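To keep things clear, I will list the structure first and then write my remarks on it.
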Amino acid sequence: MDQTHASSPLAGAVHDLATEVVLALRSGDHLATVCGAAGIDEENRTGIAAARVIGADLLLPSVLYGRHPHPGDIAVLDRAVREFPPKPDAPAATAWSHWHMISTLQRMAPPPPGATTPGSGSGTAFAEPDAAWLEEAPWQAFTHQLSVLAPLAVPAAPSAVQRAAANRAVDLSRGFVRAVRRRDWLQAAGAGRWLAAIGGEPATLGLERGLDFVELMGGHDPRVTLHVRAARLMAEARAR
């Protein structure tokens, strides 16, 4: 998804969804519908695929502001979970993203008694995927994988990935600096979001100014702005 937003219908839908998430994060309006504003409903297959790319961040404004998500956004995320389950040979990051979408739906919009839970098919459907591979990953690969899993960097959502991030804040800091130097703004924004969520980065890193620079240079991609805005909101919450 590194192409311009006009290069394909899917890329355009991802761009539009990420833009609407950013607008909702800036306004704090819990009544706003991210998907409706982007012209996407649960019958729009391209939009559903885009929601799978955005993942649980579709509900991020509600998660960070502690408010009820819009029913339309819940319906689209639920459909994305059902339509695009990970294949048996899917990368670990894909399995974790799927798990996080389900757990976010359960936390933010629990189904009524007797209803089918999103993505359920077996008694083990909601067990956390394995995260042992993160513990021994070189810091460069660790930062890359954590940036892919940036939607998991939210408060009140503990996971093995979050614990791995907290245990390797220095490695994430190194990865953040490396991503900035390589002008990989999306990876830098994802790593910075994790650092804002977990804390523990060296004081010499200058994370706040670093995120400002990342947004300035990579802000043409709304996913970069999304991660930076999420990082700022979490940092503000930690400072209070």
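All values below were derived from every heavy atom in this structure, side-chain atoms included, with hydrogens, water molecules and symmetry-related copies excluded. Predicted, not measured: the structure shown is a model, and the values here were computed from it.
Between D212 and R232 there is a side-chain heavy-atom pair separated by less than 4.5 Å. The side-chain heavy atoms of H70 and V34, taken from C-beta on, include no pair separated by under 4.5 Å. The shortest side-chain heavy-atom distance between I48 and F84 falls under the 4.5 Å cut-off. At least one side-chain heavy atom of V63 sits less than 4.5 Å from a side-chain heavy atom of R107. Using a 4.5 Å cut-off on side-chain heavy atoms (C-beta onward), M234 and P155 make contact. Counting heavy atoms from C-beta on, the side chains of W185 and D221 never come closer than 4.5 Å.
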> Stepwise, does the salt bridge (Lys or Arg N to Asp or Glu O under 4.0 Å) test hold for E135 with R168?
Replying inline: CA-CA 9 Å; E135 297 175 4; R168 300 186 62 177; over 6 Å; no
>> Applying side chain to side chain donor-acceptor pair (under 3.5 Å) to S97 and R52, what does each step give before you reach the verdict?
In response: CA-CA 9 Å; S97 176; R52 179 62 187 86; 3.1 Å; yes
>> With side chain to side chain contact (heavy atoms under 4.5 Å, CB included) as the criterion, how do T225 and R26 come out once you've worked through the C-alpha distance, each side chain's angles and the decisive distance to 0.1 Å?
In response: CA-CA 11 Å; T225 306; R26 285 174 174 163; 3.5 Å; yes
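Heavy-atom minimum distance, T143 versus G175: OG1-CA, 3.3 Å. Taking every heavy atom of both residues into account, P61 and A24 meet most closely at CG-CB, 3.6 Å. For the pair V154 and L60, the tightest heavy-atom approach, listed with the atom from each and the gap, is CG1-CD1, 3.7 Å. The nearest pair of heavy atoms linking W99 to E128 is CZ2-CG, 3.5 Å. Shown here for D73 and L58, the closest heavy-atom pair between the two residues is O-CD2, 3.7 Å. The two atoms that bring Q162 and A157 nearest to each other are NE2-O, 3.6 Å, heavy atoms only.
A distance-only check finds no donor-acceptor pair linking the side chain of T94 to the backbone of A90 [under 3.5 Å]. One N or O on the side chain of H100 and one on the backbone of P151 form a donor-acceptor pair closer than 3.5 Å. Using modelled atom types, no side-chain atom of R193 and backbone atom of A231 make a donor-acceptor pair closer than 3.5 Å. Remark: the backbone N or O of L152 is not paired with any side-chain donor or acceptor of W96 at under 3.5 angstrom. One N or O on the side chain of D41 and one on the backbone of N44 form a donor-acceptor pair closer than 3.5 Å.
Here D78 contributes atom CG and M101 contributes atom CE; the two are 10.0 Å apart, rounded to the nearest 0.5 Å. Summarising the geometry, atom CZ belonging to R79 is positioned 13.0 Å from atom CG belonging to L77; distances are rounded to the nearest 0.5 Å. Atoms CZ and CG, on R183 and L186 in that order, are 14.5 Å from each other to the nearest 0.5 Å. The distance from the CD atom of E20 to the SG atom of C35 is 9.5 Å, given to the nearest 0.5 Å. If you take CG on L233 and OH on Y65, they are separated by 4.5 Å, rounding to the nearest 0.5 Å. Atom CD of Q145 and atom CG of L134 lie 7.0 Å apart (nearest 0.5 Å).
In terms of hydrophobic clustering, with Ile, Leu, Val, Met, Phe, Trp and Tyr side chains grouped at heavy-atom distances under 4.5 Å, V177 and V228 are assigned to a common cluster. V76 and L23 are not part of a single hydrophobic cluster, where members link through side-chain heavy atoms under 4.5 Å apart. Hydrophobic clustering (side-chain heavy atoms under 4.5 Å, transitive across Ile, Leu, Val, Met, Phe, Trp, Tyr) keeps L146 apart from V170. In this structure, M108 is a member of the same hydrophobic cluster as I74, with clusters built from ILVMFWY side-chain heavy atoms closer than 4.5 Å. Cluster membership check: V148 does not share its hydrophobic cluster with V180, using side-chain heavy-atom separations under 4.5 Å among Ile, Leu, Val, Met, Phe, Trp and Tyr.
For E83, the CD atom is densely surrounded, since the number of other residues' heavy atoms within 6.0 Å is greater than 12.
Look at R182 and D184 and you find no salt bridge, because none of the NZ, NE, NH1 or NH2 atoms lies under 4.0 Å from a carboxylate O. Salt bridge absent: R229 and E215 never bring a charged side-chain N and a carboxylate O closer than 4.0 Å. A salt bridge is defined here as a Lys NZ or Arg NE, NH1 or NH2 lying under 4.0 Å from an Asp or Glu carboxylate O, and R178 with D171 fails to meet this definition.
Note: W194 and F142 fail the aromatic proximity criterion, with ring centroids not under 6.0 Å apart.
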